[in-house]
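Input: a single structure, listed below in structure tokens.
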There are 2 protein chains.
Amino acid sequence: MVKRTSFEGDSCPIARSLDALGDWWSLLIIREALFGLRRFGEFQSKLGMAKNILSVRLRALVDHGILATAPASDGSAYQEYVLTPKGRGTFPILVALRQWSEEFDDHPEEIATILVDREKGRPVKKLEMRAEDGRLLTPADTTLKLRPARRRRATG
Amino acid sequence: MVKRTSFEGDSCPIARSLDALGDWWSLLIIREALFGLRRFGEFQSKLGMAKNILSVRLRALVDHGILATAPASDGSAYQEYVLTPKGRGTFPILVALRQWSEEFDDHPEEIATILVDREKGRPVKKLEMRAEDGRLLTPADTTLKLRPARRRRATG
DNA sequence: CCAGTTAGTTGCATGATGAAACTAAGTTGC
DNA sequence: GCAACTTAGTTTCATCATGCAACTAACTGG
């Protein structure tokens, strides 16, 4: 088969995330959902994407447990797409993407918005990698370890 | 045109990031590069991807300033692909993707590796969103603000 | 200088994407 | 209660992207 490769069975957690989020639209749909959008038409007009693609993406996000369908909150018979906790858990990913753009984009003057904390109105701090004891870590300070195989009961 | 939509001119920094990183392979190539891979053949065999796709992706990453080509460090006449600072700056994105998978994946037992701090061998702390003054922030504690238009000199 | 390796490119089949048209419920005006 | 409109999709078809395999050409090792 000449199918688009899926990373579903991959053992790398990054690949597994990308299997759910790694296309052009999913993270933008999630971004809008975090911003409060819920209805098919809202996503479609805000993102300006084709409705068939949106339809496929929404279904995939629901299948992945990132969005869930719910009866419309305005009393109409239509349904809404709302983020699950798993969906809201992508927030750090979006923040990381945003901060990367803010720091490295070739044309930062074209960036229209800043993420600020609601209380003070000041920009959110840059995400930091820290060790358990609080030390600041660079990529070079980290390494990958094999996850210990989880034994069921006292089998071994 | 029925071209794949590009987010290059979009004013949202997330869309702009996705324009460079938002396909199935680029972040995995960067992951391997962070892990130390440098040569075309290394990427190809490690990722198991078609060589033409790898070729296109590497060129795109170089064009985006994420990778740079350099003469091979082993003295051969071949070239290597090394991360630029902009490329290394994607590390938080990869960590966020990894942690999302670790926290929400339906089959976490299939995840093979853990990111640990090299010194202590202990897992890296979960990325946190914090305000300038250090308060821990949830998505609901944040909001978007329009970036003040940057005036050149004292034009206004 | 010949065999094998490295780093690609080309060709072709197939899958994904996108615009527009189409459909079918649900809602509104009267 | 029904015609007109809105919402939420699905279908169709052209085009783009992806993936495999085969091909090419430069480099390397003996």
Side-chain angles (χ1 to χ4, degrees), chain A residues 1-10 15 18-29 32-33 36-64 67-82, chain B residues 1-10 15 18-29 32-33 36-64 67-82:
Chain A
M1 267 191 292
V2 198
K3 260 187 138 104
R4 146 166 280 175
T5 34
S6 160
F7 303 120
E8 208 183 335
D10 200 295
L18 290 176
D19 194 62
L21 307 171
D23 70 283
W24 296 88
W25 289 112
S26 294
L27 280 167
L28 294 177
I29 292 171
E32 297 302 335
L37 299 198
R38 294 160 158 259
R39 293 284 283 267
F40 186 94
E42 289 178 324
F43 290 111
Q44 203 265 319
S45 61
K46 188 78 195 303
L47 290 169
M49 65 191 293
K51 299 200 290 180
N52 52 348
I53 308 295
L54 176 59
S55 180
V56 171
R57 287 286 165 274
L58 287 174
R59 214 186 339 257
L61 289 170
V62 169
D63 288 348
H64 278 291
L67 291 176
T69 52
S73 52
D74 63 356
S76 77
Y78 298 116
Q79 61 177 355
E80 293 183 342
Y81 297 90
V82 294
Chain B
M1 268 191 294
V2 196
K3 260 188 137 98
R4 146 165 280 172
T5 34
S6 160
F7 304 120
E8 209 184 334
D10 200 296
L18 290 175
D19 194 61
L21 308 170
D23 70 284
W24 296 87
W25 290 113
S26 294
L27 280 168
L28 293 177
I29 293 171
E32 298 302 333
L37 299 198
R38 294 159 157 261
R39 294 283 283 267
F40 186 95
E42 290 178 323
F43 290 111
Q44 204 266 317
S45 60
K46 189 78 194 306
L47 290 170
M49 64 191 295
K51 299 200 290 181
N52 52 349
I53 307 295
L54 175 58
S55 180
V56 171
R57 286 286 165 274
L58 287 174
R59 215 186 336 259
L61 289 169
V62 169
D63 287 348
H64 277 291
L67 292 176
T69 53
S73 53
D74 64 355
S76 78
Y78 297 116
Q79 62 177 355
E80 293 183 344
Y81 297 89
V82 294

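The basis for the numbers below is simple: all heavy atoms, side chains too, and nothing from hydrogens, waters or symmetry mates. Numbered from 1 within each chain, the chains take letters A, B, ... in sequence-line order.
With rounding to whole Å, B:I53 atom CD1 is found 14 Å from D:dA21 atom P. With rounding to whole Å, A:F7 atom CZ is found 12 Å from D:dG19 atom C1'. In this structure, B:E80 atom CD and C:dG8 atom C1' are separated by 16 Å, rounded to whole Å. Rounding to whole angstrom units, CZ of residue B:R57 and C1' of D:dT18 are separated by 9 Å. Separating the CG atom of A:D23 from the P atom of D:dT18 is a distance of 12 Å, rounded to the nearest angstrom. Atoms CG (B:N52) and P (C:dT6) sit 19 Å apart, rounded to a whole Å. In this structure, the CD atom of B:Q79 is 15 Å from the C1' atom of D:dA25, given to the nearest Å. Atom P of nucleotide C:dT10 and atom CG of B:L54 are separated by 16 Å, given to the nearest angstrom.
Which of C:dA19, C:dT9, D:dG9 sits closest to the side chain of B:K51 comes down to C:dT9. Relative to the side chain of B:S55, the nucleotides C:dA19, C:dG8, D:dG9 differ in distance, and C:dG8 lies closest.
Residues A:F40 and A:K51 approach most closely at CZ-O, 3.6 Å, considering heavy atoms.
Between B:L28 and B:M49, every side-chain heavy-atom pair lies at or beyond the 4.5 Å cut-off.
The stretch residues 36-48 of chain B does not touch DNA chain D, since none of its heavy atoms comes less than 4.0 Å from the strand.
Within the model, atoms CD1 of B:I29 and CD1 of B:I53 stand 10.0 Å from one another, a figure rounded to the nearest 0.5 Å. The distance from the CZ atom of B:R57 to the CG atom of B:L67 is 12.5 Å, given to the nearest 0.5 Å. A distance of 8.0 Å separates CG of A:L21 from NE2 of A:H64, quoted to the nearest 0.5 Å. Rounding to the nearest 0.5 angstrom, the gap separating the CG atom in B:L58 from the OG1 atom in B:T69 is 10.5 Å. To the nearest 0.5 Å, atoms CG (B:D10) and CG (B:L18) are separated by 9.5 Å.
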Sugar-phosphate or base contact per nucleotide [nucleotides 24-30 of chain C; S, B, -; heavy atom under 4.0 Å]: --SS---

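OP1 and OP2 of C:dG8 both lie 4.0 Å or more from every side-chain N or O belonging to B:R59. The side chain of B:W24 places no N or O atom within less than 4.0 Å of a non-bridging phosphate oxygen (OP1 or OP2) of D:dG19. Considering only side-chain N and O atoms, B:Y81 lies nowhere under 4.0 angstrom from the phosphate OP1 or OP2 of C:dT6.
Projected onto DNA chain C by closest heavy-atom contact, A:V56 and B:V56 fall at different nucleotides, the more 5' of which corresponds to B:V56.
For the side chain to side chain donor-acceptor pair (under 3.5 Å) test, no residue two or more places apart in sequence or in another chain qualifies with B:Q44.
Between B:F7 and A:W24, the ring planes lie tilted relative to each other; the angle falls in the 30° to 60° range.
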